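Encoded as structure tokens, the structure appears first; notes follow it.
Since this is a predicted model, take the numbers as computed values, not measurements. Residue numbers count from 1 along this sequence.
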Amino acid sequence: MFDLKKEIFKEFDNVKGIERIGTDDEVALSEVFEENTELTFDIDFLPKPMMNTYIYDSYFNVYYRDGNSKHIREHRKYEKRFLKVILTIMGYSHDLYIESEDLERNHGANVVKIPTEEMGNVYLAKHQDSLAKIVLNNLGLKGRSKEKQIDLLMLLKKALRDKTEVTIYLCDLKLILLITDLYVSCLAEDERSKKFLESICAVEGLYVR
């Protein structure tokens, strides 16, 4: 475990078990969520879990990847809602990190700090770089190699399409978002941030439960 991630976890000082990530007694982030059920909630397009899977699969299967144009349109309709919520709450954070195995494969680092000014094609920023230095380095991007860019929008879409997993740490908001398919597991140490996220979800017609 490298120092950047340790620094991130220090920001969540009231979350039980998070200090064990990256130690000899290591736990997974999903286990930390389970240890802090009073701080966790989910964002879904359904108001509650649907138990009758036959009805779900037959009538409202937006997950199914069979190439059916109707299913794809339905999935993308909800995908846009999730993207709007995720990008909106990210826009309110000034201490923001994103984690994904997809980043490891393509950029050699699985946790990256996101500059607050960059919300489209995000350039990799080393932890020790100041925001001012990052902005200066990103001026005159014409000659930059595309391999050094993170297409944030596409990365989030891949997560919402269940092609990768993305975790977003919004340290100043005391929020962690874990994105898998059309579903976001959340941990909020700050109740105000949870309420704020709920208000964004309500506008987009998504449920917090």
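Looking at heavy atoms from C-beta onward, E99 lies out of side-chain contact with L178 at the 4.5 angstrom threshold. A 4.5 Å side-chain heavy-atom check between L87 and L153 finds at least one atom pair inside the cut-off. Side chains of F12 and C171 form a contact here, defined as non-hydrogen atoms less than 4.5 Å apart. Looking only at side-chain heavy atoms (C-beta outward), E31 and I21 stay at 4.5 Å or farther from each other. Taking the side chain as every heavy atom from C-beta outward, I89 and L177 approach each other to under 4.5 Å. Put simply, the side chain of T164 does not reach to within 4.5 Å of the side chain of L103, judged on heavy atoms. Within the 4.5 Å cutoff, the side chain of L156 has heavy atoms near those of the I168 side chain.
Ring geometry for F196 versus Y92: interplanar angle over 60°, hence perpendicular rather than tilted (30 to 60°).
Of all heavy-atom pairs between S93 and L173, the closest is CB-CD1, 4.2 Å. The two residues V32 and N36 make their nearest non-hydrogen contact at O-ND2, 2.7 Å.
Residue K194 holds its NZ atom at 5.5 Å from CD of E191, rounded to the nearest 0.5 Å. Between D95 atom CG and Y97 atom OH the span is 4.5 Å, to the nearest 0.5 Å. Atom CD1 of residue I98 and atom CG of residue L152 lie 5.0 Å apart, to the nearest 0.5 angstrom. Atom CD in E34 sits 10.5 Å away from atom OG in S185 (nearest 0.5 Å). Atom CG of L197 is separated from atom CD1 of I43 by 4.0 Å, given to the nearest 0.5 angstrom. Atom CG in L46 sits 11.5 Å away from atom NZ in K48 (nearest 0.5 Å).
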Q.
Please evaluate residues D102 and R105 with respect to the criterion side-chain contact (heavy atoms from CB on, under 4.5 Å), reporting the C-alpha separation (whole Å), side-chain torsions for both, the decisive distance (0.1 Å), and the verdict.
A. CA-CA 5 Å; D102 197 77; R105 287 192 296 270; 3.1 Å; yes
Q) Between L29 and I176, does a side-chain contact (heavy atoms from CB on, under 4.5 Å) hold up when you go through it step by step? A) CA-CA 10 Å; L29 185 60; I176 301 175; 4.3 Å; yes
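In this structure, E11 has no side-chain hydrogen bond (donor to acceptor under 3.5 Å, both in side chains) partners at least two apart in sequence or on a different chain.
By the rule that hydrophobic residues join a cluster once side-chain heavy atoms approach within less than 4.5 Å of another member, L160 and F45 end up as members of one cluster. In this structure, V184 is not a member of the same hydrophobic cluster as Y207, with clusters built from ILVMFWY side-chain heavy atoms closer than 4.5 Å.
With salt bridges taken as basic N to acidic carboxylate O contacts below 4.0 Å, none links E7 and K113. Classification of R76 and E79 as a salt-bridged pair fails, no side-chain N sitting under 4.0 Å from a carboxylate O.
Here the side chain of D181 pairs no donor or acceptor atom with the backbone of Y183 at under 3.5 angstrom. Checking side-chain atoms of E189 against main-chain N and O of K174 turns up no donor-acceptor pair under 3.5 Å. Checking side-chain atoms of S100 against main-chain N and O of E165 turns up a donor-acceptor pair under 3.5 Å.
For residues 200-209, the salt bridge (Lys or Arg N to Asp or Glu O under 4.0 Å) pairs, not counting sequence neighbours, are D44-R209, K84-E204.
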